[in-house]
Amino acid sequence: MAKFISLVGNPFGLLTVVKQVASTVSGATQWQCSCECGGVTIVRGDNLRSGKITSCGCLKTGRKTNAEKRRITAEHEAQGKAAPWLGHTP
């Protein structure tokens with residue numbers, strides 16, 4: 001069996017892992033994450049690590065305006081990392 005690795009405190013796109021929550025019926029580990037937009041979501045660990053899920057849904061639903069996306073992109077670039085919607089490193 002694979003060794004358990006805690007994701008608490010790690011950033012994944014706009015999400016930061018807050019705590020582990022109940023596993024899925026199939027046994028997949030789930031994590032409660034806070035989003036930079038203020039949202040909270042529950043995400044499976046494999047979706048975080050693969051980059052499939054990078055926000056609470058705010059990017060997908062268009063809740064972020066273009067100005068907000070530009071601001072977040074600039075903040076991420078200043079920190080030497082890519083904004084989640086760009087899919088590459090600067």
Side-chain angles (χ1 to χ4, degrees):
M1 180 174 235
K3 180 180 175 186
F4 178 80
I5 298 173
S6 176
L7 301 180
V8 173
N10 289 329
F12 295 90
L14 297 180
L15 298 175
T16 300
V17 178
V18 175
K19 66 180 180 178
Q20 182 181 358
V21 295
S23 296
T24 64
V25 175
S26 64
T29 305
Q30 296 189 111
W31 302 91
Q32 178 180 322
C33 301
S34 62
C35 186
E36 288 185 15
C37 77
V40 176
T41 189
I42 305 295
V43 185
R44 285 186 1 202
D46 59 325
N47 287 333
L48 287 170
R49 289 187 307 276
S50 70
K52 183 175 183 180
I53 305 293
T54 60
S55 75
C56 68
C58 60
L59 297 176
K60 188 178 283 188
T61 61
R63 283 187 262 168
K64 290 231 180 283
T65 64
N66 284 336
E68 289 174 306
K69 286 182 180 180
R70 284 192 300 274
R71 179 189 59 78
I72 292 169
T73 298
E75 288 174 1
H76 279 75
E77 287 175 349
Q79 297 171 5
K81 54 186 181 175
W85 48 82
L86 297 177
H88 65 278
T89 55

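- Rounded to the nearest 0.5 angstrom, R49 CZ and N10 CG are separated by 10.5 Å.
- Under the rule for a side chain to side chain donor-acceptor pair (under 3.5 Å), N47 has no partner lying at least two apart in sequence or in another chain.
- When all heavy atoms of W31 and I5 are compared, the pair lying nearest together is CZ2-O, 4.0 Å.
- What you find for R44 and A28 is that their closest heavy atoms are CD-CB, 3.9 Å.
- The CD1 atom of I53 sits 12.0 Å away from the CG atom of L14 when rounded to the nearest 0.5 Å.
- Here V21 sits in one hydrophobic cluster together with I42; the rule is ILVMFWY side chains under 4.5 Å apart, joined directly or through other members.
- Remark: T41 engages L15, C33, V43, C56 in a side chain to side chain contact (heavy atoms under 4.5 Å, CB included) (not counting sequence neighbours).
- For the side chain to side chain donor-acceptor pair (under 3.5 Å) condition, the pairs that include at least one residue of residues 15-25, sequence neighbours left out, are T24-S26.
- S50 meets the side chain to side chain donor-acceptor pair (under 3.5 Å) test with no other residue; sequence neighbours excluded.
- When all heavy atoms of L48 and F12 are compared, the closest pair comes out as O-CD2, 3.3 Å.
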